[in-house]
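Following: one structure in structure tokens, then a few remarks.
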Amino acid sequence: MYQRIQPFVEILDSTLRDGEQTSGVSFLPHEKLIIARMLLRDLNVDRIEVASARVSEGEKEAVSMICRYARQIDMLDRVEVLGFVDSGQSVDWVESCGCKTINLLAKGSLRHCQEQLHKTPQEHIDDIVKEVKYAREKGLTVNLYLEDWSNGMKDSPSYVYGLMDQLCDIGIRRFMLPDTLGIMNPLQCIEYFRKMIKRYADTHFDFHAHNDYDLAVSNSLAAVLSGAKGLHVTVNGLGERCGNAPLSSVQVILKDQFHAKTNIIENKLNDISRLVESYSGIAVAPNQPIIGDNVFTQVAGVHADGDKKNGLYQNELVPERFGRKREYALGKNSGRANITKNLEELGLELTPEQTKRVTQRITELGDKKEIVTQEDLPFIVSDVLKHDAPEDKVKLVSYVVSTAYGLKPGANIKVEINGQEYEASATGDGQYDAFVKSLRYIYKKYLDRTFPILQNYQVSIPPGGRTDALVQTVITWNDNGKILRTRGLDADQTEAAIKATFKMLNIYEKEQNNEL
């Protein structure tokens, strides 16, 4: 039933074209350049589709910048732009940007041809032939999309074959077969690809999946099993409606499950995911395979115990493979094994009895829905065991924050740092911003130093929370490349953020003095 799987699968990333069709996503030209650089140089993607022709002047600027960069690193042949059968307008646009490859969009179903173009199949074929001839005269490599190909194979296969019979020998480099509306299942994908491969055995076919039925990855795999030589993906699965096949998932399934080869450098998958997440504003789900925040976090204590015993709860998806590390969650399901793993990473050694008491305390916090982090652990240990660990180096003595209509929010604070009290006041864009500016003023004026930079700020309310619910604030700090996350929980959002800030300051002070 299956063709022999291709020993090598070509990967085209369409984040900068199809991925930008995600609702609310629009990359600036310099953002497109930075993403393209990482895809080509760091991740080693075979091809990138970076734009649609004739969209805007900003798009033209972005494509030109990417092509200049790609030419400098001798990768211009890996940059592609979507174009249209429009009497040479797209070809001229692509050429003017310095790009050498155009992906022409043709109609892959009779319905699209007749109802959208209002043309007969032969009229459409004649137009395509002219467009391909003109593009090749201009020195461009031509690939051809058969838009709505999956519906074409389902409802009008003779139309698809009629196109292919006249187009397969006119110099088109690749035929790209999209499941434009995401309607296929893997069995259909196998059936349709088998028919295409049987009729056009020497043709290079790409497959372009959409995820409307959550089958984009499965269909991509089915296509490769049936003879597809290339797959189209996007970073984080971005794309119109439900998105496209995610690059990270496609890569690991091809490699681990079917031993196919690609050129992807896997330890950069997390980096490109974070970059695109930042620029797109579309958050990655915590449980998204490979790239989600939680996928390498063991929660159940029995799993942490099994990891200590020859990796009983691990598979081939080890976090180090993707530039990440395994973490062990702290909460009501943790158990001693999770606690021990986190204590080991911090260099803290406890007796079995002490570990038991700390575990009980973390379980109590978990029952209250408070998330406990590794950074919290030294404070819990100190609080529970009441040993002779030094007190906090940084303490909040008092503070007042204010806001008023027409005036900038302000903060007056008094803090104790290493036994010495300091006061300061400042205004800011919000109450918390004013508070932090006051702190930074104290550190700079009185201590002649600073503390880590705030990188990300998230606020959440426990599920089922009402207007009086506790607010959890998670702040990510960057200390010269070292990432630190601290959390605060309080009924007041500003107070929760302040708690998270002072957790960070005490960790930072103790690290500066090598006390952790």
Side-chain angles (χ1 to χ4, degrees), residues 12 14 17-18 47 49 51-55 59-60 63 77 79-97 99-181 183 192-193 195-208 210 227-230 232:
L12 176 142
S14 189
R17 199 277 298 175
D18 218 13
R47 298 149 54 202
E49 190 176 45
S52 296
R54 302 172 52 208
V55 168
E59 198 79 328
K60 189 169 187 177
V63 175
D77 60 331
V79 178
E80 304 174 9
V81 173
L82 178 75
F84 308 95
V85 180
D86 54 9
S87 300
Q89 294 181 75
S90 289
V91 171
D92 291 341
W93 192 95
V94 171
E95 184 196 29
S96 70
C97 294
C99 187
K100 292 297 183 182
T101 303
I102 186 169
N103 296 338
L104 283 178
L105 186 69
K107 299 303 179 182
S109 69
L110 180 61
R111 185 181 176 196
H112 272 223
C113 178
Q114 292 179 333
E115 297 184 21
Q116 190 169 38
L117 298 182
H118 304 291
K119 293 192 174 186
T120 67
Q122 191 57 53
E123 287 174 333
H124 186 37
I125 291 169
D126 291 342
D127 289 342
I128 296 169
V129 171
K130 291 177 184 177
E131 206 74 31
V132 172
K133 181 180 179 182
Y134 181 65
R136 296 192 69 197
E137 288 174 353
K138 288 285 188 176
L140 301 184
T141 297
V142 181
N143 302 317
L144 188 73
Y145 273 112
L146 297 184
E147 186 181 20
D148 200 37
W149 167 78
S150 50
N151 271 318
M153 291 299 290
K154 180 167 69 74
D155 301 327
S156 52
S158 60
Y159 167 83
V160 177
Y161 301 146
L163 254 68
M164 289 296 303
D165 289 345
Q166 296 189 55
L167 297 177
C168 63
D169 293 322
I170 65 169
I172 294 171
R173 172 70 180 84
R174 303 175 184 88
F175 286 85
M176 306 194 293
L177 308 180
D179 182 18
T180 303
L181 300 180
I183 55 96
Y192 299 162
F193 256 94
K195 291 177 178 179
M196 296 293 285
I197 297 293
K198 184 177 180 179
R199 290 180 68 103
Y200 313 102
D202 297 326
T203 303
H204 178 117
F205 288 116
D206 282 0
F207 180 61
H208 181 105
H210 280 266
K229 295 181 180 179
H232 295 194

Report, one line per pair, each donor and acceptor closer than 3.5 Å where one atom sits in a side chain of residues 163-172; sequence neighbours left out.
| unit_1 | atom_1 | unit_2 | atom_2 | d |
| --- | --- | --- | --- | --- |
| D165 | OD1 | Y200 | OH | 2.7 |
| Q166 | OE1 | Q122 | NE2 | 3.2 |
| Q166 | NE2 | Q122 | OE1 | 3.0 |

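Shortest non-hydrogen contact noted between L110 and Y159 is N-CD2, 3.4 Å. Nearest heavy-atom pair across G162 and I125 is O-CD1, 3.9 Å. The minimum heavy-atom distance linking S87 with E131 is given by the pair N-OE1, 3.1 Å. The minimum heavy-atom distance linking G83 with A53 is given by the pair CA-CB, 4.3 Å. In terms of heavy atoms, E123 sits closest to K119 at OE1-CA, 3.4 Å. Between C99 and V79 the shortest heavy-atom distance is SG-O, 3.4 Å.
Contacts of R174 classified as salt bridge (Lys or Arg N to Asp or Glu O under 4.0 Å), with partners at least two apart in sequence or in another chain: E10, E80. E49 is linked by a salt bridge (Lys or Arg N to Asp or Glu O under 4.0 Å) to R17, counting only residues two or more places apart in sequence or in another chain.
Looking only at side-chain heavy atoms (C-beta outward), F84 and Q89 stay at 4.5 Å or farther from each other. Under the 4.5 Å side-chain criterion, counting only non-hydrogen atoms from C-beta, D18 is in contact with H210. At least one side-chain heavy atom of I183 sits less than 4.5 Å from a side-chain heavy atom of K154. For the pair Y134 and V142, the minimum side-chain heavy-atom distance is 4.5 Å or more.
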- Query: Step by step, would you call W93 with V55 a side-chain contact (heavy atoms from CB on, under 4.5 Å)?
  - Reply: CA-CA 10 Å; W93 192 95; V55 168; 5.9 Å; no

- Message: side-chain contact (heavy atoms from CB on, under 4.5 Å) for D148 and K107? Distances and angles first, verdict last.
- Response: CA-CA 7 Å; D148 200 37; K107 299 303 179 182; over 6 Å; no

- Go through R173 and N143 one step at a time and tell me if the side-chain contact (heavy atoms from CB on, under 4.5 Å) criterion holds. CA-CA 5 Å; R173 172 70 180 84; N143 302 317; 3.3 Å; yes

- Task: Dump the intermediate steps for side-chain contact (heavy atoms from CB on, under 4.5 Å) on W149 and M196, then the final yes or no.
- Result: CA-CA 11 Å; W149 167 78; M196 296 293 285; 3.8 Å; yes

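For R54, the CZ atom is densely surrounded, since the number of other residues' heavy atoms within 6.0 Å is greater than 12.
At distances below 3.5 Å, not a single donor-acceptor pair connects side-chain atoms of E95 with backbone N or O atoms of K100. The backbone N or O of T120 lies less than 3.5 Å from no partner atom in the side chain of Q114, so there is not a single donor-acceptor pair.
Exactly one of V81, L104, V132, V94 qualifies for a side chain to side chain contact (heavy atoms under 4.5 Å, CB included) with L140. That residue is V94. Looking at T180, D155, D179 one by one, the single match for side-chain hydrogen bond (donor to acceptor under 3.5 Å, both in side chains) with S150 turns out to be D179.
Rounding to the nearest 0.5 Å gives a distance of 8.5 Å between CG of L177 and CZ of F207. In this structure, the separation between NE2 on H208 and CG on L146 is 12.5 Å, given to the nearest 0.5 Å. Here the CZ atom belonging to F205 is positioned 9.5 Å from the NZ atom belonging to K229, to the nearest 0.5 angstrom. I197 contributes atom CD1, which lies 10.0 Å from atom CG of D202 (distance to the nearest 0.5 angstrom).
A cation-pi geometry, defined here as NZ or CZ lying under 6.0 Å from the six-membered ring centre and within 45° of its normal, holds between R199 and Y161.
Residues D206 and R47 are paired through a salt bridge, judged by an N-O separation under 4.0 Å between the basic side chain and the carboxylate.
In this structure, the ring of H232 has its center less than 6.0 angstrom from the ring center of Y145.
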